[in-house]
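To start, the structure itself, in structure tokens.
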Amino acid sequence: MAGPGPGKALPVRRRRRHSQWRGLLYIAPAMALVIVFFVMPVLFTGWMSLHNWPLLGSPRWIGFNNYFRMANDARFVSALRFTTYYTVIVTIAIFAVAFPLAIFVEKHRRFVGAYRTIIFLPVVVGLASASLLWVWLANVDSGFIGPALRALGLVEKSPNLLATFDSAFFTIIVMVVWKIAGFTMIILLTGLQAIPSELTEAARIDGAGPWQRFRYLTLPLMRRTIALALIISVTGSILAFDQFYIMTSGGPQNRMISVVYYIFNQSFVSFNLGYGAALSIALLAILVVISVMQLRLLRVGEDRP
């Protein structure tokens with residue numbers, strides 16, 4: 001049987017070409033926004049990182065000296081170490097709270113809609129506003145936490161929760177979990193609701209207990225959802241700035257300076273704009289590596305052709 005002649009193939013190719021151009025036209029506004037507000041700033045930041053770029057005066061080309069300086073910068077290494085420590089602790093804390101909450105609100109029970117709303121409410125509060133709120137709550141004179149601890153008989157006098165590293169770090173962790181756990185709960189809740197009820201019922205009929213169903217059914221089926229929530233939490237923690245700047249100003253003893261806080265200090269306090277740009281590019285590279293890890297994590301276990 002003869003195939004389509006040249007006269008029929010030409011209109012088909014023309015329709016495909018028109019469809020491709022129409023698709024490009026639809027995504028053109030989004031592409032323009034990405035180019036203007038992401039690609040161009042990243043390229044300009046990369047160009048700045050190759051210069052000694054003072055706030056006033058002409059920039060001077062220094063090549064990769066800013067990157068070589070970074071390798072010997074003890075304060076940057078300290079900020080990177082603290083950011084990693086904070087990311088691990090806060091991510092574990094968020095999941096330890098969000099996963100049980102997701103399991104709790106996933107089941108149909110009375111007032112479950114109200115529970116979901118109440119848990120999610122802190123998410124709509126800006127991080128800067130939440131940090132200011134917790135600064136007031138932790139205030140030794142006029143705050144709420146100190147009198148509450150005294151009323152419970154846990155302390156004799158109101159503690160200054162932001163005066164030492166351990167108490168300030170714990171306070172920030174509690175604030176971030178209070179602020180973010182509701183968002184992570186919603187992500188995990190969507191994964192729980194996507195599990196077919198027939199599978200859960202079949203496992204229950206076969207005699208699988210709650211822990212067995214959670215370990216061998218829920219966790220494997222939620223792999224992609226957990227990976228997504230994990231990467232969002234890790235990326236947000238690496239970019240942490242507001243809580244440290246507002247609640248502790250990097251203290252006590254400059255022990256709570258994150259990478260973004262250090263970039264801010266170098267760029268807008270010390271006015272080393274070129275070095276701050278190099279630090280930003282290095283942080284971007286770290287985030288790109290994490291994104292690649294995310295894609296690999298999402299593809300684990302998938303069938304490949």
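All residue numbers refer to positions in the sequence shown, counting from 1.
In this structure, OH on Y262 lies 13.5 Å from CG on L283, to the nearest 0.5 angstrom. Rounding to the nearest 0.5 Å places CD1 of I94 at 10.5 Å from CG of L230. Expressed to the nearest 0.5 Å, how far CD1 of I231 lies from CG of L287 amounts to 10.5 Å. Separation of atoms CE (M70) and CD (Q266) is listed at 10.5 Å; rounding is to 0.5 Å. To the nearest 0.5 Å, the span separating CG on L221 from CD1 on I195 amounts to 5.0 Å. Interatomic distance, N52 CG to N272 CG, rounded to the nearest 0.5 Å: 7.5 Å.
A continuous path of hydrophobic side-chain contacts links F214 to F104 [ILVMFWY only; heavy atoms under 4.5 Å]. Linking ILVMFWY side-chain heavy atoms closer than 4.5 Å, directly or via other members, places L121 and L189 in two distinct hydrophobic clusters. Side-chain heavy atoms closer than 4.5 Å link hydrophobic residues (I, L, V, M, F, W, Y) into clusters, and following such links, possibly through other members, connects V234 to V90. A continuous path of hydrophobic side-chain contacts links I119 to F111 [ILVMFWY only; heavy atoms under 4.5 Å]. W178 and F144 fall within a single hydrophobic cluster, where Ile, Leu, Val, Met, Phe, Trp and Tyr are joined by side-chain heavy atoms under 4.5 Å apart, directly or via other members.
For F165, the CZ atom counts as densely surrounded, since its 6.0 Å shell holds more than 12 non-hydrogen atoms of other residues, nucleotides or ligands. Counting non-hydrogen atoms of other residues, nucleotides and ligands closer than 6.0 Å to CZ of F268 gives a total of 12 or fewer. Counting heavy-atom neighbours within 6.0 Å of E201 CD, excluding the residue itself, gives a total above 12.
Between A181 and A98 the shortest heavy-atom distance is O-CB, 3.6 Å. For F82 against R255, the heavy-atom pair with the smallest separation is CD1-O, 3.5 Å. Nearest heavy atoms, Q243 versus I172: CG-CG2, 3.9 Å. Here the shortest heavy-atom pairing between Y261 and F241 reads CA-CD1, 3.7 Å. Nearest heavy-atom pair, S258 versus T83, reported as atom, atom and distance to 0.1 Å: CA-OG1, 3.4 Å. Pairing each heavy atom of P252 with each of L162, the nearest pair is CG-O, 4.1 Å.
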Discussion item. Assess the residue pair I226 and L188 against the criterion (side chain to side chain contact (heavy atoms under 4.5 Å, CB included)); give the C-alpha distance rounded to whole Å, side-chain angles, the decisive distance to 0.1 Å, and a yes or no.
Written reply: CA-CA 7 Å; I226 293 174; L188 297 175; 4.2 Å; yes

Item to complete: Apply side chain to side chain contact (heavy atoms under 4.5 Å, CB included) to the pair L137 and L161, showing each step before the final yes or no.
Response: CA-CA 10 Å; L137 290 174; L161 296 177; over 6 Å; no

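Aromatic rings of F99 and F95 (six-membered ring for Trp) have centroids beyond the 6.0 Å cut-off, not under it. Remark: aromatic rings of F169 and Y85 are close, center separation under 6.0 Å.
Here the rule is side-chain contact (heavy atoms from CB on, under 4.5 Å) with S237, and of T87, I232, I89, I180 only T87 fits it. The residue from V36, L43, V42 that alone fulfils the side-chain contact (heavy atoms from CB on, under 4.5 Å) condition with V39 is L43.
A donor-acceptor pair under 3.5 Å is absent between the side-chain atoms of S233 and the main chain of A229, judged by distance alone. Under a 3.5 Å cut-off, the side chain of R116 and the backbone N or O of V105 do form a donor-acceptor pair. Distance alone, capped at 3.5 Å, is enough to place a donor-acceptor pair between the S49 side chain and the G46 backbone. Of the possible donor and acceptor atoms, one in the side chain of T171 sits under 3.5 Å from a partner among the backbone N and O of S167.
A heavy-atom distance below 4.5 Å is found between the side chains of L192 and T218. Contact check for M175 versus L127: side-chain heavy atoms found under the 4.5 Å cut-off. Residues R223 and P220 fail the side-chain proximity criterion, which asks for heavy atoms closer than 4.5 Å. Between F264 and V260 there is no side-chain heavy-atom pair separated by less than 4.5 Å. In this structure, V125 and L133 have side chains that are not in contact, with every pair of non-hydrogen atoms separated by 4.5 Å or more. With a 4.5 Å cut-off on side-chain heavy atoms, I246 and L132 count as touching. Residues I92 and V88 are in side-chain contact: their nearest non-hydrogen atoms beyond the backbone lie under 4.5 Å apart. Using a 4.5 Å heavy-atom threshold, the side chains of I238 and I290 count as touching.
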